[in-house]
Enquirer: 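For reference, the structure I am asking about is given below.
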Amino acid sequence: MAERWLVTGGTGQVGQALRRLELPGVEIVAPSRAELDLAALPDLDLLFAGFSAVISSGAYTAVDKAESEPFLARAINSSGPARLAAAARRAGIPIVHVSTDYVFPADGQGPWREDAMVAPASAYGRTKAEGEGAVRSSGARHAIVRTAWVVSADGANFVKTMLRLGAEREVLRVVADQRGCPTHAGDLAEVLAAVTRRLVSDPDQASGIWHCTNSGETTWHGLAEHVFACAAAHGLKVPSRVEAITTAEYPTPARRPADSRLDCSKLERDFGITMRPWQDAVAEIVGELAQRDAQ
Ligand SMILES: NC(=O)c1ccc[n+]([C@@H]2O[C@H](COP(=O)([O-])OP(=O)(O)OC[C@H]3O[C@@H](n4cnc5c(N)ncnc54)[C@H](OP(=O)(O)O)[C@@H]3O)[C@@H](O)[C@H]2O)c1
């Protein structure tokens, strides 16, 4: 009989990518927010009875809006995972919790290692850091997988926003002083599955934090330029100019890290996973979207 993994945030970018994976011997059960609301979780003991792992990918991800809704963000990003982890401990199953580069400070220097001190500069980052803390102190066997700049052909993300704006405008202005690395939701989903499998199958696998992005680095401006180079190759309309601007020229309610590059060498060391370059991952997404567009 197939083992069952519970995935929260099943309608999100990462949740959808997890649902699409073909995992022999595993059934992914991914309830929607309406079916399992992280801000109002039901009694989880009964629910967890039939599961061998939980992947906690659901989150309040509206980074700027979280500044004006910190209580809701905290309920979803901190209290929700705390309850999931406590129930996972009682059920004796591991929890794989997805977290973010935005736990790191606005002005520090990456690439960040897993043991670097967190100091979030935004409400979103603070609530995600609290969620991490709750999972770590729950007593459940756990893996916290921090990722960054998640992109895919589904849902809302920077690649899709650029393609939409690029089709409408001749000139775009994009922030060029925030460094990081994009992550293909599908690549991340495969890593989450590998980590979950290990925790389920190897009782000696220690709990911990791992960083996971595609390899390399760029800025939002560099990412936009690559998106448009790929889009042009597919015959899509692109802007004639992408201007590089500073964060100060594009004020947002939430402060973001100027350097949120994550050092992913621990993932490679412990799980033998090497991530492909972000350029290849983004090219694949643009290709998929161009194909959809042509249909
Ligand atoms: N997106 C990024 O750039 C990024 C970067 C670093 C880390 N992460 C982390 O990666 C994980 C997955 O993110 P993503 O990119 O897949 O985000 P996403 O596309 O915004 O999806 C978020 C998911 O969480 C669900 N959700 C929101 N509020 C909920 C609630 N109250 N109860 C249950 N589910 C709720 C959403 O449901 P609805 O569809 O109903 O809204 C959606 O399924 C999150 O933990 C996020 O913090 C994301």
Side-chain angles (χ1 to χ4, degrees), residues 6-20 28-42 44 47 54-66 69 71-85 95-104 112 118 120 122-132 134-135 143-162 178 180-189 191-192 195 209-214 220 223 254 256-257 260-262 264 278 281-282 285:
L6 182 77
V7 172
T8 66
T11 53
Q13 295 189 83
V14 176
Q16 289 188 60
L18 277 163
R19 291 201 317 209
R20 263 199 298 273
I28 298 265
V29 179
S32 66
R33 179 206 296 239
E35 291 162 335
L36 190 69
D37 185 347
L38 289 164
L41 286 170
L44 293 170
L47 177 68
V54 53
I55 302 179
S56 159
S57 83
Y60 182 111
T61 55
V63 176
D64 287 315
K65 207 167 162 207
E69 288 187 338
F71 296 110
L72 181 58
R74 175 163 291 127
I76 296 169
N77 292 348
S78 174
S79 311
R83 289 200 53 201
L84 291 175
I95 178 167
V96 175
H97 178 67
V98 185
S99 193
T100 173
D101 54 331
Y102 284 9
V103 296
F104 291 116
W112 300 98
V118 303
S122 63
Y124 167 74
R126 275 190 296 279
T127 59
K128 290 293 289 184
E130 287 166 13
E132 288 186 4
V135 171
I144 292 167
V145 179
R146 292 195 190 118
T147 189
W149 297 21
V150 176
V151 290
S152 68
D154 308 298
N157 62 67
F158 183 82
V159 170
K160 291 179 74 179
T161 303
M162 284 301 109
Q178 288 173 28
C181 189
T183 309
H184 190 303
D187 295 354
L188 174 63
V191 171
L192 294 172
V195 170
I209 304 177
W210 287 270
H211 286 171
C212 174
T213 65
N214 280 116
W220 294 113
L223 174 53
R256 290 161 167 78
S260 76
R261 293 171 300 148
L262 300 179
C264 302
W278 68 266
V282 169
I285 292 167

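Atoms within a ligand are numbered from 1 in the order they appear, just like the ligands themselves.
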Enquirer: I want to check something: taking the side chain as every heavy atom from C-beta on, are C181 and R261 in contact at a cut-off of under 4.5 Å?
Expert: no
Enquirer: Heavy-atom count around K65 NZ within 6.0 Å, excluding the residue itself: above 12?
Expert: no
Enquirer: Using the side-chain hydrogen bond (donor to acceptor under 3.5 Å, both in side chains) criterion, which residues pair with R20? Sequence neighbours excluded.
Expert: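 With neighbours one apart ignored, the set is D154.
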Enquirer: Taking 4.0 angstrom as the limit, do D64 and R256 come out as a salt bridge?
Expert: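 Looking at R256 together with D64, the answer is yes, because their closest N to O distance falls below 4.0 Å.
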Enquirer: May I ask you to decide if the ring planes of Y102 and Y124 are parallel, tilted or perpendicular, using 30° and 60° as cut-offs?
Expert: perpendicular
Enquirer: Measure from every N or O atom of ligand 1 to the protein's N or O atoms and keep only the pairs below 3.5 Å, writing each with atom names and distance to 0.1 Å.
Expert:
unit_1   : atom_1 : unit_2 : atom_2 : d
ligand 1 : 3 (O)  : V150   : N      : 3.0
ligand 1 : 15 (O) : Q13    : NE2    : 3.2
ligand 1 : 16 (O) : Q13    : N      : 3.0
ligand 1 : 16 (O) : V14    : N      : 2.9
ligand 1 : 19 (O) : Q13    : N      : 3.0
ligand 1 : 20 (O) : T61    : OG1    : 2.6
ligand 1 : 24 (O) : A59    : N      : 3.1
ligand 1 : 24 (O) : A59    : O      : 3.4
ligand 1 : 31 (N) : D37    : OD1    : 2.8
ligand 1 : 32 (N) : D37    : OD1    : 3.4
ligand 1 : 32 (N) : L38    : N      : 2.8
ligand 1 : 37 (O) : T11    : OG1    : 3.3
ligand 1 : 39 (O) : T11    : OG1    : 2.7
ligand 1 : 40 (O) : R33    : NE     : 3.0
ligand 1 : 41 (O) : R33    : NH2    : 2.7
ligand 1 : 43 (O) : G9     : O      : 3.3
ligand 1 : 43 (O) : T11    : N      : 3.4
ligand 1 : 43 (O) : T11    : OG1    : 2.7
ligand 1 : 43 (O) : G12    : N      : 2.9
ligand 1 : 45 (O) : S57    : O      : 3.3
ligand 1 : 45 (O) : V98    : O      : 3.4
ligand 1 : 45 (O) : K128   : NZ     : 2.8
ligand 1 : 47 (O) : Y124   : OH     : 2.7
ligand 1 : 47 (O) : K128   : NZ     : 3.0

Enquirer: According to the interplanar angle, ranging from 0 to 90°, do the rings of F104 and W112 count as parallel (below 30°), tilted (30 to 60°) or perpendicular (above 60°)?
Expert: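 Geometry flag for W112 against F104: parallel rings.
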